[in-house]
Every structure is written in structure tokens, then in C-alpha cells.
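A short write-up of the structure that comes next.
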Amino acid sequence: MIAKRIIEMTLNARLAILIATALSLALPVSAPAQAQSFSADQREEIGHIVKDYLLAHPEVMQEVMAELEKRQQTAEAEKHRAAVAQNKATLFTSPHQVVLGNPQGNVTMVEFFDYNCGFCKRALSDMLDLIKNDNNLKFVLKEFPVLGEGSVEAARVAVAARMQDASGKKYIEFHQKLLGSRGGADKMRALAVAKEVGFDVARIEKDMASDEVKKTIEENMKLADALGVSGTPSYVVGEEVVVGAVGIDALREKISAERK
């Protein structure tokens, strides 16, 4: 459906240009620079000119689609930069988030994730590799439970676990085990992993109803909406929003570009 709309937009844009060109050719040189009315015969002739041009030069549609995509990407990037600037403090230094790697790193990467996201599971190794091999990277994790009630439950357990571990050392083990496990994540599974890692499960169950857990998840959801993030995983590096599990090489390139 989206592709169809893009094609229709593209056709309309190109046709508008072609029609304008055809009109300029059809009008006499001395015609005044004002709105013109055309007879049925003239409109039919213009239609034939446009149709013949497209049939003779079908490659122009590819050019137009490429240009349209380029402009849309540029506009989207500008929108993301503005949103990041407006939400910089919440995005990078919120007290309601997990910080891994080097808290004083010269580049910060933020990941929005869901414990039931298959692509997040695949991208887990990317995050682990980055924080292991880049001593100047600050890596921020933000729970973004968008895949159902089980995801919300798992996120609440995760936030409550974070409340017990300011250093993040036990949290990263919890995060790795829960995100890396097979099957769906929910409250029961998340609590089992928390117990396995060594968290105080009774305290977690109590803290799950706390304002801190509620504020954390609400903040992350509002932040994602402000940034135009709707899926997981999604990353923020500097002023750039990166959507999808793009792979370790692409993430390293974003980090390197931010350091230049």
C-alpha cells in the first residue's frame, strides 16, 4: 500500500512537470504569464504529449523515484535531528535508564528494544561487541515494549532489576539471558531470569508497582514517539536515528562518523 502511494505521488509529480513543459510549448510566446484555460482538444493534445514522452522515456520514472526517495530521506533526517536536539537530556542523560560501557564515553549510543523482538535478539551480539571493544562508548538501553502485554511485563521486571543494580553489572547479565533466551518473554520468564542472576525477586515484584517503573516506561514511550521511532531495535547516535538491526559494521560507521 505504501509503495503504491509512493508510485502515485511520483507519477503525479513527474506528470505535473511534463504537463507544465507541454503547456509552455503549446502556448504562444506572447501569451501572458497568467492562468490559462484550455479547450477539450488542447487538453487531449497535452495528454498525448505526456503519454508519448513517458512511453519514449520510461527511465525517467526511475530517476524521479530515486530523487523522491532522496528528498524524503533528507527530510526525515532533518526531522530526526530536530527531535533529538529537543529531547537531548531525556535521551542521553535521563536518570530512568540503563547505562553500559563507559559512562564518560565520548560517543553515546541509545538503543530502544523489546524483549520479544526477534531482530533485537539478533542485534544483542552487536551491542555486546561494541561495549567490549570500544572503551570510549557509552551505551544506553531504553525499554520500548511494543509487542504485547508480555513485553510490557518483561520491561517492568527489567526496570525493577535496574533499580537494584546502579553499576549495571548484574543488569547486563540479566538483559543478555532474557533477550537471548528462546520463546516469549513475560513476567514469569523475566522473574525466573532475575532469580537466576541473583536479584532479590521479592523486591523486584514490589518495585514493579513503583512510580519509578511507571515513569521509566512512560518516558521511553513518549521519547520514541517524539523521535518517530515505532519499531525495534532503533538506535540514536549523535543526532542520527537509525532504524532496524543494521548490523555491527553499520553501527561502527555511525560511531566513527560521530567522532570526526
Side-chain angles (χ1 to χ4, degrees), residues 2 69 72-101 105 107-131 134 137-156 158-159 162 168 171-172 174-176 178-180 184-185 190 213 215-259:
I2 294 175
E69 183 177 0
Q72 288 176 331
Q73 289 175 346
T74 300
E76 194 69 16
E78 289 295 334
K79 183 178 178 181
H80 283 157
R81 278 193 285 271
V84 169
Q86 291 172 3
N87 297 276
K88 190 173 183 179
T90 306
L91 188 57
F92 298 118
T93 59
S94 170
H96 311 296
Q97 63 189 20
V98 176
V99 177
L100 304 174
V107 171
T108 300
M109 174 174 284
V110 180
E111 178 183 356
F112 291 84
F113 71 94
D114 184 306
Y115 280 113
N116 282 308
C117 168
F119 293 105
C120 296
K121 293 178 183 292
R122 298 178 199 174
L124 174 61
S125 61
D126 296 340
M127 185 267 286
L128 295 173
D129 187 285
L130 288 171
I131 61 176
D134 190 334
L137 178 66
K138 175 182 175 182
F139 203 103
V140 174
L141 287 174
K142 290 187 179 290
E143 294 86 357
F144 184 44
V146 292
L147 297 176
E149 186 59 31
S151 295
V152 175
E153 292 175 356
R156 291 173 62 216
V159 176
R162 184 259 296 166
Y171 180 92
I172 185 59
F174 165 86
H175 178 76
Q176 186 175 353
L178 182 56
L179 188 56
V213 170
K215 286 179 181 178
T216 298
I217 295 177
E218 286 182 350
E219 179 180 276
N220 292 349
M221 301 299 280
K222 289 179 180 178
L223 184 57
D225 183 62
L227 296 173
V229 169
S230 59
T232 54
S234 288
Y235 305 87
V236 178
V237 188
E239 296 181 332
E240 185 172 2
V241 176
V242 182
V243 179
V246 295
I248 187 69
D249 291 338
L251 294 178
R252 282 178 178 151
E253 287 179 5
K254 302 298 182 184
I255 294 170
S256 296
E258 183 62 20
R259 286 192 171 123

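Bear in mind that the values here come from a model prediction, so they are computed numbers and not experimental data.
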Hey, could you give me each pair passing side-chain hydrogen bond (donor to acceptor under 3.5 Å, both in side chains) that has a residue in residues 217-227? Not counting sequence neighbours.
->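 Passing the test, one end in residues 217-227: S94-E219.
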With rounding to the nearest 0.5 Å, note down the distance linking CD1 in I131 to CE in M109.
->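 The CD1 atom of I131 sits 11.5 Å away from the CE atom of M109.
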Straight-line distance of S151 OG to E149 CD, nearest 0.5 Å |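 If I round to the nearest 0.5 Å, the distance is 9.0 Å.
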Do [X] and [Y] have side chains that get closer than 4.5 Å, going by heavy atoms?
X	Y	answer
V241	Y235	no
F92	V236	yes
F119	P233	yes
V159	H96	no

Under the salt bridge (charged side-chain N to carboxylate O under 4.0 Å, His left out) test, which residues partner R162, sequence neighbours left out?
->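 Per chain and number, R162 pairs via salt bridge (charged side-chain N to carboxylate O under 4.0 Å, His left out) with E212.
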Grab the two heavy atoms, one from [X] and one from [Y], that are nearest each other, plus how far apart they are.
X	Y	value
A154	L178	CB-CD2, 4.3 Å
V152	I217	O-CD1, 4.5 Å
L91	V84	CD2-CG1, 3.9 Å
F144	S230	CE2-C, 4.0 Å
N87	A226	ND2-CB, 3.8 Å
L100	G168	CD2-O, 3.9 Å

Once side-chain hydrogen bond (donor to acceptor under 3.5 Å, both in side chains) is applied, do any residues pair with [X], and if so which ones, sequence neighbours excluded?
X	answer
R122	none
Q97	K142
K121	none
E143	Y171

Within the distance-only criterion (no hydrogens, no angle test), does the side chain of N116 pair as donor or acceptor with the backbone N or O of L147 below 3.5 angstrom?
->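 Judged by distance alone, no pair lies under 3.5 Å.
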Please identify each residue that fulfils ring-ring contact (aromatic ring centres under 6.0 Å, His included) with F113, with sequence neighbours left out.
->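 Here the qualifying residues are Y115, H175.
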State whether D134 and R259 are salt-bridged, where the test is any N-O pair (Lys NZ or Arg NE/NH1/NH2 against Asp/Glu carboxylate O) under 4.0 Å.
->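 Result for this pair is yes, salt bridge flagged.
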How far apart are the C-alpha atoms of S234 and V242, what are their side-chain angles, what is the distance that settles it, and do they pass the side-chain contact (heavy atoms from CB on, under 4.5 Å) test?
-> CA-CA 6 Å; S234 288; V242 182; over 6 Å; no
Suppose we screen for side-chain contact (heavy atoms from CB on, under 4.5 Å). Which residues come up paired with [X], at least two apart in sequence or across chains?
X	answer
Q176	L124, L128
K138	T93, V99, T108, V140
D126	A123, I248, L251

